[in-house]
Amino acid sequence: MSYLVIITIVGLAALLMAWMPSISRITRVSYSVFYVLFGAALYLAFGDVLPKPDPIANNSITLHLTELVVIVSLMGTGLKIDQRFSLSNWRVPFRLVSITMIVSIGIVTVLGVYFIGLDLPTAILLGAVLAPTDPVLASDVQVGPPMEDKQDDVKFSLTAEAGMNDGTAFPFTWLALILALGGTDFSNLNEWFWRDFIYRTIAGIALGFIMGRVLAYFVFTLPDSNKAIQVKDGFVAISATLLVYGFTEMLHGYGFIAVFVAAITLRNYEMQHKYVKQLHDFTDQIERLLVCIVLILFGGSLVNGILDALTWPMAIVSLLFLLAVRPAAAWISLSRVGLHHREKKAISFFGIRGMGSFFYLAFALSQFNFNKAPELWAMCSFVVLLSVVMHGFTATTIMTRISEEFGDKDLKD
C-alpha cells in the first residue's frame, strides 16, 4: 500500500506540474509555494506510509537527488540564454558570482562565528551553502525559452548568476572541509588553493568547453552537412548533461561548472538553430518532474521537525542574509555597470536560494561529520523556506513590471 500511495502521489504531482506555469501566471505566485504546501499537507495526512523526509538520516539520497536536479537545471539554464557570451556582455553576472558571493560568504562567516557561536569551519560552510543563488527555484525571475522571450538585463543577469555560482561556491565548501579536517593546522590551505580552487575550476571550464564544442559538432554541424544523419531527440540534452558531469567529476574537476559551460558553448555554437529549443524544452520538463518531488519532500520535512534545531540567533541571521546581506553585497558589486537603480534593486533582491544549498550541505556532511548538522539543516531549510515565500509571492509581479519598463535593452549599452 505504501508503494502504491507513493507512485500515485508522484503521478499526481507530475501531472499537476503541467498546469503550474499557467497557474503561476494567473495567481502571480511561484509554483514552488504550491508544492511546498502540497508536500506539507501530504505528510500531515499520509506521513505514516510515505518515506521519512529526513535529510540527515537519508543524506546519500538527498545528495544525489539534489545533485541530479541541479545539473539538469544547469543545462537548461545555459541553453535558454540568448545573450552571446563575452566578458563584456556578461560583466554583471561575473560581478555577482565574484564580489557578491565572496562578500556574502565573508559576512555570513563572521555572523556565524560571533552571533550564532559556530566554529570557523562550520561558519565558512554555512556561508558557502547559502551563497549560491538557485537555477531551479528561480525560474520566475529568469529568462524564458530560447528565442522566445525578451531577455532584459535583470532576467539575464539573474539567470547567468544562478548558472555560474552553483559551481563557483564549491571551492569555499572545500575550504570549510579542509579546515574541519585539519583543525588548527592551516598548512593544507596551499593544497586547497592549487587543487580545489585553481585546478578543479580550470578543469571544469576547460572540459565543459571542449565537450560542448564536440557535442555541438555532432548535434548541429554533422546533421546539417549529412542529411542521412539526423538528430531530433530532446533527450540528447540530458544525455550530454550526464556525460559532461560524470566525465569531469572523474577527472576531479567541478562538474557543475562543466555542465553550464557546455550548455553555453552549445548555445553559442548555433544561436538561431531551432533544435536548441527542443533540447531546452526536454530538459525543462525533466527538471520540473524532479523538482516537484524534492519540493514535496521539503514540505514534508518542515512538518516533521527539520526546523526544531533553529534558534533565535539563527533565525535573525537568516532574515538578515536575505533582506540585508545579499541585497547590500549585490548592490555594491553593481556599482557603475550602467543599470537603472530599479534594475539593480531587482537583481539585488532576487537572490533566490534552493536546491543548490541543499546539495552543498548534503555534500559537506557526506565528507565530514560536522557536529552542528541539525542546526545547519535547520538554518538552511529556514532560509530556503523564507526565500520560497518571500520571492514566490513577489517575483511574477515585480519581474513583469521590470520587463515592461526596461524591455530587452542591450547589456552592452
Side-chain angles (χ1 to χ4, degrees), residues 63-83 85 90 93-94 96-97 101 128-129 131-146 155-171 173 200-201 203-213 215-216 219 234-249 253-269 276 279-291 294 351-360 362-363:
L63 171 63
H64 295 302
L65 182 57
T66 54
E67 178 182 43
L68 184 59
V69 174
V70 172
I71 61 173
V72 170
S73 178
L74 288 173
M75 176 58 73
T77 299
L79 289 174
K80 67 184 179 182
I81 296 178
D82 288 342
Q83 183 73 268
F85 179 83
W90 287 54
F94 271 121
L96 292 172
V97 300
M101 174 174 285
V129 165
T133 55
D134 194 61
V136 183
L137 301 186
S139 59
D140 293 312
V141 301
Q142 293 185 1
V143 299
K155 286 185 176 180
F156 160 69
S157 299
L158 290 170
T159 305
E161 179 197 12
M164 287 193 290
N165 67 14
D166 259 324
T168 52
F170 234 131
T173 305
R200 291 181 189 269
T201 302
I205 295 171
L207 291 170
F209 177 75
I210 293 170
M211 287 189 282
R213 293 286 294 186
L215 286 166
V219 168
F235 69 76
V236 168
I238 301 299
S239 305
T241 301
L242 300 176
L243 173 63
V244 171
Y245 183 78
F247 186 70
T248 303
E249 287 290 323
Y254 288 131
F256 283 0
I257 293 178
V259 169
F260 186 67
V261 170
I264 293 297
T265 303
L266 278 168
R267 185 72 185 91
N268 281 253
Y269 192 90
V276 172
L279 292 172
H280 168 266
D281 289 348
F282 189 87
T283 304
D284 181 65
Q285 292 166 11
I286 298 299
E287 175 191 333
R288 286 191 288 145
L289 289 174
L290 294 171
V291 167
V294 178
I352 299 176
R353 267 61 190 176
M355 301 300 153
S357 296
F358 290 155
F359 167 80
Y360 278 117
F363 173 80

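Worth saying up front: this structure is predicted, and the values here are computed from it rather than measured.
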Item checked: Pairwise distance CG(L279) to CZ(F235) - rounded to 0.5 angstrom -> 10.5 Å
Notebook entry, point to check: Do we see a donor-acceptor contact under 3.5 Å between the side chains of T133 and N165?
Noted result: yes
Check: Under 3.5 Å, is there a donor-acceptor pair between the side chain of T159 and the main chain of V143?
Finding: yes
Item checked: M75 to V259 - nearest heavy-atom pair and separation -> N-CG1, 3.8 Å
Note to self: Heavy-atom count check: over 12 atoms from other residues, nucleotides or ligands less than 6.0 Å from F85 CZ?
What the structure shows: yes
Next item on the list: Output yes when a side-chain donor or acceptor of R353 lies under 3.5 Å from a complementary backbone atom of G351, and no otherwise.
Entry: yes
Next item on the list: Enter the distance from T201:OG1 to I257:CD1 here, rounded to the nearest 0.5 Å.
Entry: 4.5 Å
Item checked: SB check D82 R267 (cutoff 4.0 Å) -> yes
Margin query: Given 3.5 Å as the limit, does a donor-acceptor pair link the side chain of Q142 with the main chain of K155, or not?
Written below: no
Checklist line | Expected output: side-chain T265 to main-chain V261 donor-acceptor under 3.5 Å | finding: yes
Note to self: Quick one, P146 and K80 - any side-chain contact, counting heavy atoms below 4.5 Å?
What the structure shows: yes
Next item on the list: Please list, chain by chain and in numerical order, all residues satisfying side-chain contact (heavy atoms from CB on, under 4.5 Å) with A362, sequence neighbours excluded.
Entry: N59, T62, L63, W377
Checklist line | Heavy-atom pair of closest approach, residues A237 and L79 | finding: CB-CD1, 4.4 Å
Margin query: Has D134 got a side-chain atom pairing as donor or acceptor with I352's backbone, closer than 3.5 angstrom?
Written below: no
Check: Can you name the side-chain hydrogen bond (donor to acceptor under 3.5 Å, both in side chains) partners of N268, sequence neighbours left out?
Finding: none
Check: Which class fits the ring pair F256 and F170: parallel under 30°, tilted 30 to 60°, perpendicular over 60°?
Finding: tilted
Next item on the list: Take V69 and V291 through the test side-chain contact (heavy atoms from CB on, under 4.5 Å) and record every step on the way to the result.
Entry: CA-CA 7 Å; V69 174; V291 167; 3.8 Å; yes
Next item on the list: Using atom types as modelled and distance alone, determine if a side-chain donor or acceptor of T66 lies under 3.5 Å from a backbone N or O of F358.
Entry: no
Checklist line | Rounded distance (nearest 0.5 Å) linking atom CD1 of I81 with atom CZ of F260 | finding: 4.0 Å
Item checked: A240 to L215 - nearest heavy-atom pair and separation -> CB-CD1, 3.7 Å
Checklist line | Side chain to side chain, M211 and T248, heavy atoms closer than 4.5 Å | finding: yes
Checklist line | For the student: nearest non-hydrogen atoms of V72 and T283, plus distance | finding: O-CG2, 3.1 Å
Check: How long is the span from the CD1 atom in I71 to the OG1 atom in T77, to the nearest 0.5 Å?
Finding: 12.5 Å
Item checked: F359 side, atom CZ; T173 side, atom OG1 - distance, nearest 0.5 Å -> 8.5 Å
Check: Between A131 and M101, which heavy-atom pair has the shortest distance, and what is it?
Finding: CB-CG, 4.0 Å
Checklist line | Aromatic ring pairing F94/W90, orientation class (parallel under 30°, perpendicular over 60°, tilted between) | finding: tilted
Next item on the list: Find the distance between CD1 (I286) and OG1 (T241) and round it off to the nearest 0.5 Å.
Entry: 10.5 Å
Item checked: P93 to M164 - nearest heavy-atom pair and separation -> CB-CE, 3.4 Å
Next item on the list: Compute whether any side-chain donor of one residue and acceptor of the other, for E249 and Y254, lie under 3.5 angstrom apart.
Entry: no
